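Okay, structure first, notes after.
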Number of protein chains: 2
Amino acid sequence: MARNPASSARIKSSPAARKKKVVRWNGAPGLKGQRQEAILRSVGSVLRNSRLSSLTIQDIASELGMTKGNLYYYFKDKQDILYQCHMRCMELSLRALQEAMANGGLPSEKLRILLIGHIHGILDDGFGSILQTDLESFWPDQRKRYIRKRDDLERGVRSLIEAGVLLGEFECDNVKLAGFSILGAINWIPKWYHPNGPFSSDQIAEEMTDYFLRGLQRRDGVARKAPRERSSSKNGTDNYHRMLAT
Amino acid sequence: MARNPASSARIKSSPAARKKKVVRWNGAPGLKGQRQEAILRSVGSVLRNSRLSSLTIQDIASELGMTKGNLYYYFKDKQDILYQCHMRCMELSLRALQEAMANGGLPSEKLRILLIGHIHGILDDGFGSILQTDLESFWPDQRKRYIRKRDDLERGVRSLIEAGVLLGEFECDNVKLAGFSILGAINWIPKWYHPNGPFSSDQIAEEMTDYFLRGLQRRDGVARKAPRERSSSKNGTDNYHRMLAT
DNA sequence: AAAGTTTTTTAATCTCTGTTCAAATTGAAA
DNA sequence: TTTCAATTTGAACAGAGATTAAAAAACTTT
């Protein structure tokens, strides 16, 4: 069950004999971990074209020129593969969060960095569409691990919004719902995005982020409508301090 | 293939003998259409709790206390059921669009009505989570029919944004991406929404819509950043006139 | 080259679910 | 009560796709 890949650490020049787009595996032994990476990357490629619901073990194997049985030498089962992809994707986003926090600018700047990085993380490696899977299909501890990371990201977003509010840069009635809005909109992108479509991932990242930030920016003077009960500071303040400490 | 339910129009008081939550079908003949409706509604109930990917014909049947075989008396196949749910859901949203257009207010008001109605349409009947299915699984003409409606909705949103821009009420760099953002955020709601959760569908509808509109509202005076190339009028103007004529 | 380990293949199996169908049941009409 | 159509059942069928396992092949080491 809990099986660590125990990567045999040794590097050898691999000829990697290619024919067409088929990678020949026979020639390069060792380095199980690298192959796992390659397999995961390949899943991203497949997902860029086909649809998640129709993604089959056979598809993945074909893409790599290996047999489906062979995949089970590298992964426990299909769920495991999908789970790893999920994690890869999330880790990219968390890296964007770290990058954002490391940058010393205003909350709006940090948030911009985070969101742009997040969008790129989702679109550029093809893993984005995997977000559509429901977490129910994961093993409990996989789910737990993933949710922990996902929550880190969500809290990161909320903290930044909250920070902006406290600094008077932002104005937001409900931080949690604003966060959900932003992240939901981003998670949905893979549903309509196509690499060869009219929008580059760069353009999407920039312009959608612009829009998200506009909705937070404080308008000096006029309050557009009577402010509702302030439910904002209930779910963000503690995390705000936590995140700023990172 | 193209089979019209040919509803035998006759109404009779149906005892509808209920036991626990099991609806007894035997006692109420006729009105095939009504039962189809009931089945679809039941799918919504199931989806409120279980997950779409694990939704099985058996689940639907169980919920209604009928056998799975019996479902095939009312629907061609599973895809057909799912398709009908899709349509139901979309029709609710399109009704919101009509309602919005009928209301004679400013674009921002219309958009508010539309979005609030759209969110309610998605959340209140439990069909929302069905949006996660990919359209590939539909039969071509089903897909075509659905996409036509979906596009109507998308164009409706864009037209309203565009209208607001033209009237000086809104300010938007890229109408299409703003529309995608809004609709994506809404489509994603079923992923985290739970009827017994902390947010009512009312609250979600109101506050998320607030946020979406904030991001469009024009700020008098300062341009926050140098405006990019205006790609807005490419995808909205014609539809704008079309929609306003409705 | 022989032995041992890692990787790959091949084919069979297993399971889950959608689907079909003939028979049974029900309700309405005659 | 008989007849007929509408509805329901229950069991069998079918197909797809994940998973397994034993044998084969490839590669490393000695």
Side-chain angles (χ1 to χ4, degrees), chain A residues 1 5-17 22-36 38-39 43 46 50-62 64-83 133 137 139, chain B residues 1 3 5-17 22-36 38-39 43 46 50-62 64-83 133 136-137 139:
Chain A
M1 217 171 243
S7 58
S8 57
R10 197 168 352 153
I11 298 179
K12 195 87 179 275
S13 67
S14 61
V22 175
V23 180
R24 181 140 304 288
W25 286 104
N26 321 349
L31 298 179
K32 200 167 175 178
Q34 279 196 9
R35 298 218 175 147
Q36 288 174 321
I39 291 170
V43 174
V46 180
S50 75
R51 276 302 152 195
L52 176 65
S53 69
S54 64
L55 177 70
T56 167
I57 286 282
Q58 181 63 62
D59 291 337
I60 302 172
S62 301
L64 286 149
M66 53 163 60
T67 54
K68 54 181 180 171
N70 198 6
L71 281 174
Y72 287 82
Y73 179 71
Y74 293 103
F75 295 95
K76 179 177 172 294
D77 53 24
K78 189 184 179 185
Q79 281 312 323
D80 191 22
I81 297 180
L82 262 35
Y83 164 72
T133 46
S137 50
W139 298 105
Chain B
M1 221 173 240
R3 200 191 342 158
S7 58
S8 56
R10 198 170 350 155
I11 299 181
K12 195 85 177 277
S13 66
S14 61
V22 176
V23 181
R24 181 142 305 287
W25 285 104
N26 322 349
L31 300 179
K32 198 168 175 178
Q34 280 195 10
R35 299 219 174 146
Q36 288 174 321
I39 292 170
V43 175
V46 180
S50 75
R51 277 301 153 196
L52 176 65
S53 70
S54 64
L55 177 71
T56 166
I57 286 282
Q58 181 63 60
D59 291 337
I60 301 172
S62 301
L64 287 150
M66 52 164 60
T67 53
K68 55 180 181 171
N70 198 6
L71 281 173
Y72 288 81
Y73 179 71
Y74 294 103
F75 295 95
K76 182 177 171 294
D77 53 23
K78 188 184 180 185
Q79 281 313 322
D80 191 23
I81 298 180
L82 261 36
Y83 165 72
T133 45
E136 313 291 332
S137 51
W139 298 105

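Just so it is clear: chains get the letters A, B, ... in the order the sequence lines come, proteins before strands, and each one is counted from 1. Here the structure is a predicted model, which is why all the values come from computation and not from measurement.
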| query | What integer distance in Å separates A/L71:CG from C/dT9:P? | reply | 10 Å
| request: Enter the distance from B/E136:CD to A/S50:OG here, rounded to the nearest 0.5 Å. | output: 9.0 Å
| query | Of all the nucleotides listed (C/dT8, D/dT19, D/dT8), which has the minimum atom distance to the side chain of A/T67? | reply | C/dT8
Pairs: protein N or O with nucleotides 15-17 of chain C N or O, under 3.5 Å:
none

| request: Round to the nearest Å and state the distance from B/K76 atom NZ to C/dT19 atom P. | output: 8 Å
| field | Below 4.0 Å: OP1/OP2 of D/dT20 and any side-chain N or O of A/Y72 | value | no
| said: Which heavy atom of A/W139 sits nearest to which heavy atom of A/D77, and what is that distance? | reply: NE1-OD2, 3.5 Å
| note | Between CG of A/L52 and P of D/dG17 the distance, given in whole Å, is 14 Å
| request: Please name all residues satisfying side chain to side chain donor-acceptor pair (under 3.5 Å) with B/Q58, sequence neighbours left out, ordered by chain then number. | output: B/S62
| field | A/D80 CG to A/K78 NZ distance, which is reported to the nearest 0.5 Å | value | 13.0 Å
| query | Quick one: is B/Y73 getting a side-chain N or O under 4.0 Å of the C/dT20 phosphate, OP1 or OP2? | reply | no
| side-chain contact (heavy atoms from CB on, under 4.5 Å) assessment of A/Y83 paired with A/K76 | CA-CA 11 Å; A/Y83 164 72; A/K76 179 177 172 294; over 6 Å; no
Under 3.5 Å, which N/O atoms of the protein pair with N/O atoms of nucleotides 21-23 of chain C?
none

| A/D59 has an atom CG; how far is it from atom P of D/dG17, in whole Å? | 8 Å
| query | Would you say the side chain of A/L71 lies within less than 4.5 Å of the side chain of A/Y74, judging by non-hydrogen atoms? | reply | no
| said: Nearest 0.5 Å, please: how far is CD1 in B/I39 from NZ in B/K32? | reply: 10.0 Å
| task | Whole angstrom is fine here: how far is it from CG in B/D80 over to P in C/dG18? | result | 14 Å
| query | Taking CD1 from A/I81 and P from D/dA18, how many angstroms apart are they, rounded to a whole number? | reply | 9 Å
| Distance, rounded to the nearest Å, where B/Y74 contributes OH and C/dG18 contributes C1' | 19 Å
| query | CG of A/L82 versus C1' of D/dT19: gap in Å, rounded? | reply | 16 Å
| note | Heavy-atom closest pair (B/S54 atom, B/D59 atom, distance to 0.1 Å) is O-OD2, 3.1 Å
| Once you round to the nearest 0.5 Å, how far does CG of A/L82 lie from CZ of A/F75? | 10.5 Å
